Enquirer: 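One structure is given below, represented as structure tokens, and several questions about it will come after.
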Amino acid sequence: GAAYLSCCEGQFPAGRLAQLARHFGQRHNLSENELLDKVQIEECHNSDEALESILHRIPTLCANTGTRILILDSLAGMLRVEYNGMSSEEMRLRTHKLFLLAEKLKWISDTYHLCVVVVNQVSHSDPELTGQRSVTPALGLAWGNCVNTRIMLQKTNLITREISGVRAGGTDGSRQPAPDSAGGQEAGASFIESRGRPLKSLTLKFSPRAPRASCLYEIREDGVFGV
């Protein structure tokens, strides 16, 4: 199947996509062009362009190309800029647009049997006001009530390092989270390693089909890999 990516924040990083296609093709004996031909990319400069695409162009494309995943990156980036005031009229217009987008995206998913991924942003609360630092999804409850599954991606203080020789669990040269001083791998620990790469966390916050869970992963030149 094909993939469709709607880029709503600046210029799409085509060089990075080509790099990933090249590495993926080498692993699976496929040509880079063969893979890239299955990826459709569109740049939307405002929410009206994104809405027009979702209402008209994307359904036609899905029907003709066998699209299996649709990615919007990032809906929040546009709407936070366009509706940055707090007037009741701005909130009403933003909420109406969000509901319209969500309704059409769910229709596309159900009709063409594809996965829809919408990249959101987060807001940080003021610790002086709430007593603690917390992170919440942007776009408020209006968008939160439209989401079926929420996945949170976050940075951590962990890094990877190359391990060789005997370690707990066996002998290999695999990557693993850098241990803390007690030999554990607790989240939030910090370890200085010149050859290490930072780890990120993926957490399934809620889903109608799966329990809450999380894992660590790293981003490398040749792709994204769990650790």
Side-chain angles (χ1 to χ4, degrees), residues 1-81 97-98 100-122 137-139 143 146-155 197-198 200-202 204 207 209 215 217-227:
Y4 184 92
L5 175 59
S6 180
C7 183
C8 307
E9 289 190 278
Q11 187 174 5
F12 177 76
R16 175 58 171 159
L17 177 62
Q19 183 185 55
L20 291 171
R22 183 169 61 255
H23 285 289
F24 188 87
Q26 290 171 354
R27 289 199 301 270
H28 299 279
N29 195 28
L30 297 169
S31 72
E32 179 181 334
N33 289 337
E34 182 181 357
L35 293 169
L36 292 177
D37 285 343
K38 293 182 177 295
V39 180
Q40 300 290 326
I41 301 168
E42 178 183 45
E43 292 184 4
C44 296
H45 302 96
N46 54 61
S47 61
D48 288 332
E49 286 187 10
L51 187 60
E52 173 69 18
S53 178
I54 292 169
L55 290 176
H56 303 291
R57 289 191 294 275
I58 291 179
T60 301
L61 184 71
C62 292
N64 295 331
T65 63
T67 300
R68 287 294 170 261
I69 184 168
L70 166 62
I71 302 173
L72 271 68
D73 182 15
S74 142
L75 186 61
M78 294 186 301
L79 293 174
R80 290 175 110 179
V81 172
K97 188 166 290 186
L98 283 172
L100 187 58
L101 286 166
E103 179 184 15
K104 190 62 177 183
L105 288 172
K106 289 185 177 185
W107 179 86
I108 291 172
S109 178
D110 290 340
T111 302
Y112 299 106
H113 309 291
L114 57 85
C115 174
V116 175
V117 178
V118 180
V119 179
N120 197 358
Q121 298 177 349
V122 295
L139 302 180
W143 179 253
C146 299
V147 175
N148 296 108
T149 299
R150 174 171 291 147
I151 298 172
M152 177 77 76
L153 306 179
Q154 293 177 292
K155 295 180 179 179
R197 281 187 296 271
K200 302 180 185 296
S201 68
L202 181 153
L204 178 63
S207 168
R209 296 181 174 86
C215 67
Y217 69 96
E218 62 176 336
I219 300 174
R220 308 202 314 246
E221 178 182 301
D222 53 340
V224 178
F225 299 87
V227 297

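Source: prediction; values computed, not measured. Counting begins at 1 with the first residue of the sequence.
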Enquirer: Is it true that a side-chain atom of Ser109 and a backbone atom of Leu105 form a donor plus acceptor pair closer than 3.5 Å?
Expert: no
Enquirer: Supply the atom-to-atom distance Ile54 CD1 to Lys104 NZ, rounded to the nearest 0.5 angstrom.
Expert: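 Answer rounded to 0.5 Å: 10.0 Å.
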Enquirer: With rounding to the nearest 0.5 angstrom, report the OG to CG distance, Ser201 to Leu153.
Expert: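 The CG atom of Leu153 is 7.5 Å from OG of Ser201, to the nearest 0.5 Å.
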Enquirer: Apply salt bridge (charged side-chain N to carboxylate O under 4.0 Å, His left out) to Arg57 and list each qualifying residue two or more places apart in sequence or on a separate chain.
Expert: Glu42
Enquirer: Can you see which heavy atom on Lys38 is nearest to which on Gly1, and at what distance?
Expert: CD-O, 3.9 Å
Enquirer: Can you give me the closest heavy-atom contact between Cys7 and Gln11, atom names plus distance?
Expert: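 Scanning both residues completely, I find the closest heavy atoms to be SG-C, 4.3 Å.
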Enquirer: Find out whether Asp222 and Arg27 are in side-chain contact, i.e. whether some heavy atom of one side chain is under 4.5 Å from a heavy atom of the other.
Expert: yes
Enquirer: Measuring from atom CD1 of Ile58 to atom OH of Tyr112, what distance do you get when rounded to the nearest 0.5 angstrom?
Expert: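 Interatomic distance, Ile58 CD1 to Tyr112 OH, rounded to 0.5 Å: 11.0 Å.
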Enquirer: When you measure from the side chain of Arg16 to the backbone of Glu221, do you find a donor-acceptor pair of N or O atoms at a distance under 3.5 Å?
Expert: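 Between the backbone of Glu221 and the side chain of Arg16 there is a qualifying donor-acceptor contact (under 3.5 Å).
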Enquirer: How long is the span from the CG atom in Leu55 to the CD atom in Glu103, to the nearest 0.5 Å?
Expert: 9.5 Å
Enquirer: Measure across Glu43 and Phe12 and return the closest heavy-atom pair with its distance rounded to 0.1 Å.
Expert: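 Looks like OE2-N, 3.1 Å.
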Enquirer: List in chain and number order the residues that pass side-chain hydrogen bond (donor to acceptor under 3.5 Å, both in side chains) with His45, two or more places apart in sequence or in another chain; answer none if no residue qualifies.
Expert: Glu49
Enquirer: Report yes if some heavy atom in the side chain of Leu204 is under 4.5 Å from a heavy atom in the side chain of Met152; otherwise report no.
Expert: no
Enquirer: State the OH-CD1 distance between Tyr4 and Ile71, to the nearest 0.5 angstrom.
Expert: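 Taking OH in Tyr4 and CD1 in Ile71, the distance rounds to 12.0 Å.
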Enquirer: Which pair of non-hydrogen atoms, one from Leu35 and one from Gly25, has the smallest distance, and what is that distance?
Expert: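 Heavy atoms of Leu35 and Gly25 come nearest at CD1-N, 3.7 Å.
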Enquirer: Just by modelled atom types, is the Ala63 backbone N or O under 3.5 Å from a matching donor or acceptor in the Thr67 side chain?
Expert: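 Pair absent, no side-chain N/O of Thr67 close to backbone of Ala63.
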Enquirer: If you look at every heavy atom in Pro59 and Ser53, which pair is closest and at what distance?
Expert: CD-O, 4.0 Å
Enquirer: Step by step, would you call Arg68 with Cys115 a side chain to side chain contact (heavy atoms under 4.5 Å, CB included)?
Expert: CA-CA 6 Å; Arg68 287 294 170 261; Cys115 174; over 6 Å; no
Enquirer: Would Val224 and Glu218 satisfy side chain to side chain contact (heavy atoms under 4.5 Å, CB included), going step by step from the backbone distance to the final call?
Expert: CA-CA 6 Å; Val224 178; Glu218 62 176 336; over 6 Å; no
Enquirer: For residues Leu114 and Cys62, determine if any side-chain heavy atom of one lies less than 4.5 Å from a side-chain heavy atom of the other.
Expert: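 They are in contact (side-chain heavy atoms under 4.5 Å apart), so the answer is yes.
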Enquirer: Could you verify whether a donor N or O on one side chain and an acceptor N or O on the other, from Arg22 and Gln19, lie under 3.5 Å apart?
Expert: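 Looking only at side-chain atoms, Gln19 and Arg22 do not form any donor-acceptor pair under 3.5 Å.
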Enquirer: Which residue is it: Val119, Val118, Asn120, Val117? I am looking for the one with a side chain to side chain contact (heavy atoms under 4.5 Å, CB included) to Asp73.
Expert: Val119
Enquirer: Between Ile219 and Lys200, what is the shortest heavy-atom contact and its length?
Expert: CD1-CE, 3.6 Å
Enquirer: CG of Leu17 to CG of Leu5: how many Å apart, nearest 0.5 Å?
Expert: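 Leu17 CG to Leu5 CG: 8.0 Å, rounded to 0.5 Å.
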